[in-house]
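Please read the structure below before turning to the comments.
A, B, ... follow the sequence lines: proteins, then strands. Residue 1 opens every chain.
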Amino acid sequence: MDYNHKEIEKRWQEFWRENEVYKTHEDKDRKKFYVLDMFPYPSGAGLHVGHPLGYIASDIYSRFKRQQGFNVLHPMGYDAYGLPAEQYAIQTGQHPEKTTEENIARYRSQLDKIGFSFDWSREVRTCDPKYYKWTQWAFMQMFNSYYDRDLKKAQPISKLIKHFEEQGSVGINPACGKELHFTAEEWNNLSEKEKRERLMNYRIAYQGETMVNWCPQLGTVLANDEVSEGLSVRGGYPVEQKLMNQWCLRVSAYAPRLLDDLAKVEWSDSLKETQRNWIGRSEGAEMRFPVAGKDVELEIFTTRADTIFGVTFMVLAPESKYVEMLTTPEQSEAVKAYLEEVKHKTERERQIEKKVSGVFTGSYAVNPLTGKEIPIWVSDYVLAGYGTGAIMAVPAHDSRDYAFARHFDLPIVPLIEGADVSEESFDAKEGKMINSCGPKLDLNGLEVKDAIAKTKKFIEEEGLGKVKTNYRLRDAIFSRQRYWGEPFPVYYKDGVAYLMDESALPLLLPPVSSYLPTEDGQPPLGRAENWVTPEGYPIEVCTMPGFAGSSAYYLRYMDPHNDKELVSKEADEYWRNVDLYVGGAEHATGHLIYSRFWNKFLYDLGIVCEEEPFKKLVNQGMIQGRTNFVYRIKNTNTFVSHGLRKEYDTTPIRVDVNIVSNDILDTEAFRKWRPDYADAEFILEDGKYVCGYAVEKMSKSMFNVVNPDDIVEKYGADTLRLYEMFLGPVEQSKPWDTNGIDGVNRFLKKLWGLFEKAEKEPAKEMTKEERKAVHKLIKKITEDIENFSFNTSVAAFMIAVNELTSLKSTNREAMEVITRLIAPFAPHIAEEFWHRLGETGSVADAAWPVYDPKALVEDTVKYPVSFNGKTRFFIEAPSGAPKDEVEKLALADAAAEKWLAGKTPKKVIVVPGKIVNVVI
RNA sequence: GCAGAAAUGGUGGAAUGGUAGACACGAGGGACUUAAAAUCCCUUGGCCUUUAUCGGCUGUGUGGGUUCGAGUCCCACUUUCUGUACCA
């Protein structure tokens, strides 16, 4: 019988479903292993062939671990809140829940066809009230917590209140927005409202006036990782800066731990590096410059304390609070005009233009080391959000200061020996200091590194400032002016935010008449009727962002039906954290930071027992599309084949890859594809129309989308799984090319044929050759899966089948072992074999074959013999022969004479089992 | 600019410092067939030699280095991809 993938795959998928083969239970007697995929956002377009790549890899790994005897948790769910469903709702008036529901159903049917071992009984959806109850719950815990910098962990806000009541702000070190100083008496005299407002400065989930990325077209704010090059990641609309009152998460408090704990996880270097850069630790000094004639001190942050003798001016960010204080009456007009100009420039314009601009405030600062007066300027190249929003400018050794100094003709003083600053600044932190001597401090002759250390020490000793570590990581903005997200369990009384009672959870998302903002600019929830508490207080109208629901979903899978806790103690202590996480690297600065933050917060509260959520992480590469082109001769309806296109004046046109096979166009299908092409003419080469190709993003508009359903229909899920792995290393981005799939399909057919022959044979011992082929395979596959090298595994299967075929092997035992080995890769065909071999249960539970090194031991070893490093011939020596015997055999070989050409070798190197190299 | 990764046939890609190009696609040739599809077999980095075999030279982005021996390690450079950017 021929290999009939349709029949086999249908049969075993039903078998798995009926017998609940992939249902997982906590089992204290077995070691756990948690394999997780980043759950998908169910978009309307459905899955294309690139999406399942990571799922297939993780499925192979989980099936392998399961066969090795681990209790494997391998769940799947949906990141169901998101903009596209809402945008669609705005256009059609359809509730996003409905489209989301439909898309999920489509995803599920597509996923089911591929034969994954997901435990669907643990499915989660972020938009399900049973799920988002716990998202809201976590928010409440953050609202009720502050971060204690001394204890380095989150603490109940009640503890902070008690401290304020007893001692005021002294003697406690909470992470905060602004450093506030007050006494217990002052605190106790505050009104309820004032106390609440002040506490916002400390809560981990807090409300604050912050500069946000505002996207007018989307009508919402966006997080930093949702903006790229001044445009929104979703939709590509311009984004501007705006000061707004928003919910935020104090992620910045966790910056040191997020950075340090990267050492504890097995992630790729590049990913760790991306996170390190995003967190952006920089060690420097914060110091104060007095302002001449004013009772104001200008506080600045610098990493180059050594360059203090080269400070020739100061610069303030336009938004800095100092601007108003330091602008003199004479300059007030000019400064006002400049601020107005900057305000109207969007982030994007600022980035594209990168024009040097600025204005003088009229005030002068005093360099505390030299006593010299230096002008204070305002410019938009200084950011309000980083450091103190003010800098000391050292034009000789900072390229931005240099450009500014050149533009406004300010002095440039070089501080490093040999640095030529006539054309550009010298930014490198190396060389010997010059021009750096004042009454109290002399840096001349020191190396930059030592000069920085010495200056820092001096600053602290003299009380000019303090050593400080700054982080670039911003707090996460947690409000979205949208409908399709989790509502905040927050209401407003007397204009201040109060948490609802936990018993109100889940706070359900109410229906609205329209998904657009209200006339007075309120978010869509402003339209909801009765959006008030039972007492009549208005409820928050913003919703939470996408990353809210995706930050702790891995915990919910451990205990998905628990309506008393986010996760029970028992479930958490058994499953602990994710052993292997597979997903795209594009989440490096978003989800993977937020998730780590969220987990650490829950860890501080004692809810979870592991400080890092994802132990090992593998980034699967993107599958790009392979677009095919036809070449239309200009102003005609004639198309010329790729090889002949140079002879004509042509326009390349993208053509649907589904009517092209091995770059040969199906001309009939092409005529039917579009009415315009119905009477197309073709200029062929060798009777064929050959298309050109290019690698591009896989998308509908490029006509290069390949649907996994079509592949499964034609070749079967096992072929799809093997082929996706065979394409190349999982971590690498590569184009999808359906052309190669026949090879993998042929392999499965060969395996099928081999099995059918072996199946009929009575059981007998494997021959030595068969044992060798089989054990070589066990060794290779076991190593490859551990190393996530699935492309070479597939090749190894092909080699083994070819070897057994040429041995004319029909051994049942050999086939039984291969069945167990291939089960993670091609579970359907393996399950079929497993049952035909008379086994019961599922091959998913079949023990992983044990490798016997003795099977690979040879009587003789083949040695390549090299002369001066170049291989010339081969000899065979008994295995285990001592070096000098191998050497003797090599030199005694007839072929050796030719290469020695009468000379005696200077040296002979024998590497046992590897090579003999003769140096002449 | 900075950081990370990478560069191997027509293509996707293999190679614990030890026979470069596994495996597969494509291509070429052949077998079977009335024919096609399917299947099977052979060849396939380049160059040279030979009727053919045998054989030789060369070859992993560029230039150096370490080593008996380098695709692999070190230094410099070029290019590509990814991330990030007035972060002081």
Write down the distance between [atom1] ([X]) and [atom2] ([N]), rounded to a whole number of angstrom.
X        : N      : atom1 : atom2 : result
A:Lys749 : B:rC40 : NZ    : P     : 9 Å
A:Asn277 : B:rG1  : CG    : C1'   : 13 Å
A:Leu592 : B:rU84 : CG    : P     : 13 Å
A:Asp2   : B:rA37 : CG    : P     : 18 Å
A:Met314 : B:rA88 : CE    : C1'   : 11 Å
A:Lys734 : B:rU8  : NZ    : P     : 16 Å
A:Phe289 : B:rA88 : CZ    : C1'   : 12 Å
A:Gln275 : B:rU84 : CD    : C1'   : 13 Å

Between A:Asn868 and A:Ile915, which is nearer to the 5' end of RNA chain B once each is assigned its nearest nucleotide?
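Closer to the 5' end of RNA chain B: A:Ile915.
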
Closest-nucleotide mapping onto RNA chain B: is A:Phe874 or A:Gly728 further toward the 5' terminus? I mean the 5' end.
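Checking each residue's closest nucleotide, the 5'-ward one belongs to A:Gly728.
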
Nucleotide nearest [X] (side chain, heavy atoms from C-beta), chosen from [options]:
X        : options                : value
A:Tyr381 : B:rG18, B:rC86, B:rA14 : B:rC86
A:Ile391 : B:rA88, B:rU19, B:rG13 : B:rA88
A:Pro729 : B:rA14, B:rG18, B:rU19 : B:rA14
A:Thr871 : B:rU19, B:rC68, B:rG12 : B:rU19
A:Glu273 : B:rA88, B:rG4, B:rG18  : B:rG4
A:Leu383 : B:rG56, B:rG4, B:rA88  : B:rA88
A:Thr589 : B:rU84, B:rU19, B:rU58 : B:rU84
A:Lys907 : B:rC68, B:rA3, B:rU19  : B:rC68

I'd like the [atom1] distance from [M] over to [N], given in whole Å.
N      : M      : atom1 : value
B:rA85 : B:rC2  : C1'   : 8 Å
B:rC75 : B:rA5  : P     : 13 Å
B:rU60 : B:rG21 : C1'   : 9 Å
B:rU82 : B:rU67 : P     : 40 Å
B:rG65 : B:rU84 : C1'   : 34 Å
B:rU49 : B:rG69 : C1'   : 28 Å
B:rA22 : B:rC42 : P     : 15 Å
B:rC48 : B:rG30 : C1'   : 27 Å

Please work out if [X] contacts a base, only the sugar-phosphate, or nothing of the nucleic acid, heavy-atom cut-off 4.0 Å.
X        : answer
A:Phe797 : nothing
A:Gln732 : sugar-phosphate
A:Ser866 : nothing
A:Arg872 : sugar-phosphate
A:Pro735 : nothing
A:Ser268 : nothing
A:Leu727 : sugar-phosphate
A:Trp267 : nothing

Taking only N and O in the side chain of A:Thr274, is any of them less than 4.0 Å away from OP1 or OP2 of B:rU82?
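For B:rU82, OP1/OP2 do not have a side-chain N/O of A:Thr274 under 4.0 Å.
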
Please tabulate, for the side chains in residues 861-869 of chain A, all donor-acceptor contacts under 3.5 angstrom to protein atoms that are two or more places apart in sequence or on a different chain.
residue  : atom : partner  : partner atom : Å
A:Tyr863 : OH   : A:Gly913 : N            : 3.0
A:Ser866 : OG   : A:Thr871 : OG1          : 3.3
A:Asn868 : OD1  : A:Ile920 : N            : 3.1

How does protein contact run along nucleotides 21-27 of chain B, one letter per nucleotide 5' to 3', with B for base contact, S for sugar-phosphate only, - for none, heavy atoms under 4.0 Å?
-BBSSS-

Could you tabulate the donor-acceptor pairs under 3.5 Å formed by side-chain atoms of residues 687-695 of chain A, not counting sequence neighbours?
residue  : atom : partner  : partner atom : Å
A:Tyr689 : OH   : A:Tyr631 : N            : 2.9
A:Tyr689 : OH   : A:Val640 : O            : 2.5

Checking A:Ser809 side chain against A:Leu804 main chain: does a donor-acceptor pair fall under 3.5 Å?
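Not at all, since once roles are kept as given, no pair shorter than 3.5 Å links the two residues.
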
A:Asp427 side chain to A:Ser399 backbone, donor-acceptor under 3.5 Å:
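Yes.
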
Among side-chain atoms of [X] and [Y], is any donor-acceptor pair under 3.5 angstrom?
X        : Y        : answer
A:Tyr381 : A:Asp401 : yes
A:Asn745 : A:Thr719 : yes
A:Asp475 : A:Ser252 : yes
A:Ser282 : A:Asn470 : no
A:Asp663 : A:Asn628 : yes

Name all residues meeting the side-chain contact (heavy atoms from CB on, under 4.5 Å) criterion together with A:Ser320; count only those two or more places apart in sequence or in a different chain, and write none if there are none.
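Scan of A:Ser320 (side-chain contact (heavy atoms from CB on, under 4.5 Å), adjacent residues dropped) gives A:Leu316, A:Ala317, A:Tyr322, A:Val323.
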
Identify whether the glycosidic angle of B:rG9 places it syn (within 90° of 0) or anti.
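Syn conformation here, the glycosidic angle of B:rG9 being no more than 90° from 0.
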
State which residues pass ring-ring contact (aromatic ring centres under 6.0 Å, His included) with A:Phe747; sequence neighbours excluded, sorted by chain then number.
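So A:Phe747 forms no ring-ring contact (aromatic ring centres under 6.0 Å, His included) with any residue.
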
Should the ring pair A:Trp377 and A:Phe408 be called parallel, tilted or perpendicular, given that the plane angle runs from 0 to 90° and is split at 30 and 60?
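Geometry flag for A:Phe408 against A:Trp377: tilted rings.
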
Just to be sure I understand: a Watson-Crick pair is purine N1 to pyrimidine N3 plus N6-O4 or O6-N4, both under 3.5 Å. Using that and G-U wobbles, which stems of three or more pairs involve RNA chain B?
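Consecutive-pair runs (3 or more) involving RNA chain B: B:1-7 with B:78-84, B:10-12 with B:23-25, B:26-31 with B:39-44, B:45-48 with B:55-58, B:61-65 with B:73-77.
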
Hey, are A:Asp742 and A:Arg746 close enough for a salt bridge, meaning a charged N less than 4.0 Å from a carboxylate O?
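Salt bridge absent between A:Asp742 and A:Arg746.
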
